[in-house]
Number of protein chains: 2
Amino acid sequence: MVFERLADKWTLLIIRVLRQGPCRFNQLRREIEGISQKALSQTLRKLERDGLVSRTAFPTVPVTVEYALTGLGDTLSNRITPLLSWAEDQIQHVLEAQRQYDSRQ
Amino acid sequence: MVFERLADKWTLLIIRVLRQGPCRFNQLRREIEGISQKALSQTLRKLERDGLVSRTAFPTVPVTVEYALTGLGDTLSNRITPLLSWAEDQIQHVLEAQRQYDSRQ
DNA sequence: CTGTATCCTTTTAGATACTG
DNA sequence: CAGTATCTAAAAGGATACAG
C-alpha cells in the first residue's frame, strides 16, 4: 500500500532534504541524523521504485550518484512539508501533553 | 520523536476517521480495515498521551468509550488530510512506476 | 463493550565485512 | 564513493485468553 511508504520516518526525512535540491548518497547520510547506510539505501530504492525519487550515476572515478525528487515526488513533498512544519511547531505542546499524561498514571 | 508518531500507518488512518467526528473503539476497528485490537488499542493510547486524541468513558453497562480529536489533533489532521488525498489521487502513478521499475530488472 | 496480558512467530534494525 | 550481503539482536505483530 502507498500509505505504508508515506508512513515511514526515513521517507519523510529524505524527501525533506531532497526538496532543497539533488543530493548525493553520503551527503544525505550526513544530513539525516541517525540514519544507517542500510536504511538509507533501502528507503532510496523504494522511493525510486515508486517513481518519487530519481537516481543518476555519473561515470566519474569513483562513481558519483545523485538523488533528486521527480515531478511526482515534488507534488508529494508539497504535502509533506506542512506536516513536518507542524511537528516542529507543535512539539512543545506534544511534550507537555506527554508530561501531563505520565503524571496522571 | 514526534516524527515517529506521525510516521505510522495506523496513526494516519485513525486520525482520518476521527476527523469525521468522535468514534467508539469497535466502530474504529470496523472502519479501519486490517487493524487488530492490539494495534488499535496501542495506537490510541499513544495518541492520547501525545494530546492528539481524547478518550471519554461513559458509565453505561457495558461501558461506552468515545475517542475524538483534540484541538491539537485537529490542527494535525489538517496537514494529514492533503497527504492522504495525494495518496488516493496518485496511487495509479505510483503503481505504474513500480511496474516500470520491476520490468527493468 | 473495551480493553490488558501473554505467548510465540515474524520483521525489522544495527553492526560488520566486503565489492565495483 | 556508493552500495550489497550476512548475521544477530531487538522489536513488532497476531492469536488467544481473560477482566472490568
Side-chain angles (χ1 to χ4, degrees), chain A residues 1-15 17-18 21-50 52-70 101-102 104-105, chain B residues 1-15 17-18 21-50 52-70 101-102 104-105:
Chain A
M1 224 226 268
V2 185
F3 285 157
E4 264 112 311
R5 185 69 15 86
L6 304 184
D8 178 80
K9 176 189 167 189
W10 297 130
T11 291
L12 300 181
L13 295 177
I14 288 173
I15 287 178
V17 173
L18 291 182
C23 194
R24 292 166 61 182
F25 187 86
N26 281 321
Q27 185 61 30
L28 277 168
R29 231 184 130 183
R30 282 186 292 270
E31 301 241 12
I32 301 172
E33 195 179 4
I35 196 168
S36 68
Q37 187 174 35
K38 181 179 174 181
L40 177 57
S41 174
Q42 288 178 342
T43 309
L44 284 171
R45 222 55 63 225
K46 289 173 187 167
L47 289 171
E48 190 192 353
R49 178 169 181 264
D50 288 347
L52 299 169
V53 162
S54 65
R55 177 187 186 276
T56 312
F58 299 97
T60 53
V61 180
V63 65
T64 299
V65 178
E66 198 170 86
Y67 291 94
L69 288 180
T70 62
Y101 182 92
D102 293 344
R104 282 199 298 276
Q105 306 315 309
Chain B
M1 225 226 268
V2 184
F3 285 157
E4 265 113 308
R5 186 68 15 86
L6 304 184
D8 178 81
K9 177 188 168 190
W10 299 130
T11 291
L12 300 182
L13 296 177
I14 288 173
I15 288 178
V17 173
L18 291 183
C23 194
R24 291 167 60 183
F25 187 85
N26 280 322
Q27 184 61 30
L28 277 168
R29 234 183 126 181
R30 282 187 292 270
E31 301 242 11
I32 301 172
E33 195 179 4
I35 197 169
S36 68
Q37 187 175 35
K38 182 179 175 180
L40 178 56
S41 174
Q42 287 178 344
T43 309
L44 284 171
R45 222 55 62 224
K46 290 173 187 169
L47 290 171
E48 190 191 353
R49 178 169 182 263
D50 288 347
L52 299 168
V53 162
S54 65
R55 176 187 185 276
T56 312
F58 299 97
T60 53
V61 180
V63 65
T64 300
V65 178
E66 198 170 84
Y67 291 94
L69 289 179
T70 62
Y101 182 93
D102 293 344
R104 282 198 299 273
Q105 306 314 313

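Heavy-atom basis, side chains included; hydrogens, waters and symmetry copies ignored. So you know, we letter chains A, B, ... as the sequences are listed, proteins then strands, and number each from 1.
- As a whole-Å value, the separation of A:Asn26 CG from D:dA2 P is 5 Å.
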Anything under 3.5 Å between a donor and an acceptor, one on a side chain of residues 23-30 of chain B, the other on a protein residue two or more places apart or in another chain? List them.
from	atom 1	to	atom 2	distance (Å)
B:Gln27	OE1	B:Arg30	NH2	2.9
B:Gln27	NE2	B:Glu31	OE2	3.1

Intermediate values then yes/no, side-chain contact (heavy atoms from CB on, under 4.5 Å), A:Phe3 and B:Leu13: CA-CA 9 Å; A:Phe3 285 157; B:Leu13 296 177; 3.4 Å; yes
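- For B:Arg49, the side chain to side chain contact (heavy atoms under 4.5 Å, CB included) criterion is met by A:Gln98, A:Tyr101, A:Asp102, not counting sequence neighbours.
- Taken from CG in B:Leu47 to CZ in B:Arg5, the straight-line distance is 7.0 Å, to the nearest 0.5 Å.
- First and last contacting nucleotides of DNA chain C toward chain B (any atom under 4.0 angstrom from a heavy atom, 5' to 3' order): C:dC1 to C:dT6.
- Bending across the helix from C:dC1-D:dG20 to C:dG20-D:dC1, expressed as the angle between its end axes from five pairs apiece, amounts to 50° (10° rounding).
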Donor-acceptor pairs under 3.5 angstrom involving side-chain atoms of residues 35-44 of chain B: please list them, not counting sequence neighbours.
from	atom 1	to	atom 2	distance (Å)
B:Ser36	OG	B:Ala39	N	3.0
B:Thr43	OG1	B:Ala39	O	2.7

Protein-to-nucleotide contact annotation, 5' to 3' order, nucleotides 3-16 of chain D [B base; S sugar-phosphate only; - none; under 4.0 Å, heavy atom]: BB-B------BBB-
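- A distance of 8.0 Å separates CG in B:Leu52 from CG in B:Leu6, rounded to the nearest 0.5 Å.
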Identify each donor-acceptor pair in which a side-chain atom of residues 61-69 of chain A lies under 3.5 Å from a protein atom, sequence neighbours left out, and give them as a table.
from	atom 1	to	atom 2	distance (Å)
A:Thr64	OG1	A:Thr60	OG1	2.8
A:Tyr67	OH	A:Arg45	NH1	3.3
A:Tyr67	OH	A:Arg55	NE	3.4

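- Residues satisfying the salt bridge (charged side-chain N to carboxylate O under 4.0 Å, His left out) test with B:Lys9, not counting sequence neighbours, are A:Glu4.
- In this structure, OG1 on A:Thr11 lies 7.5 Å from NZ on A:Lys46, to the nearest 0.5 angstrom.
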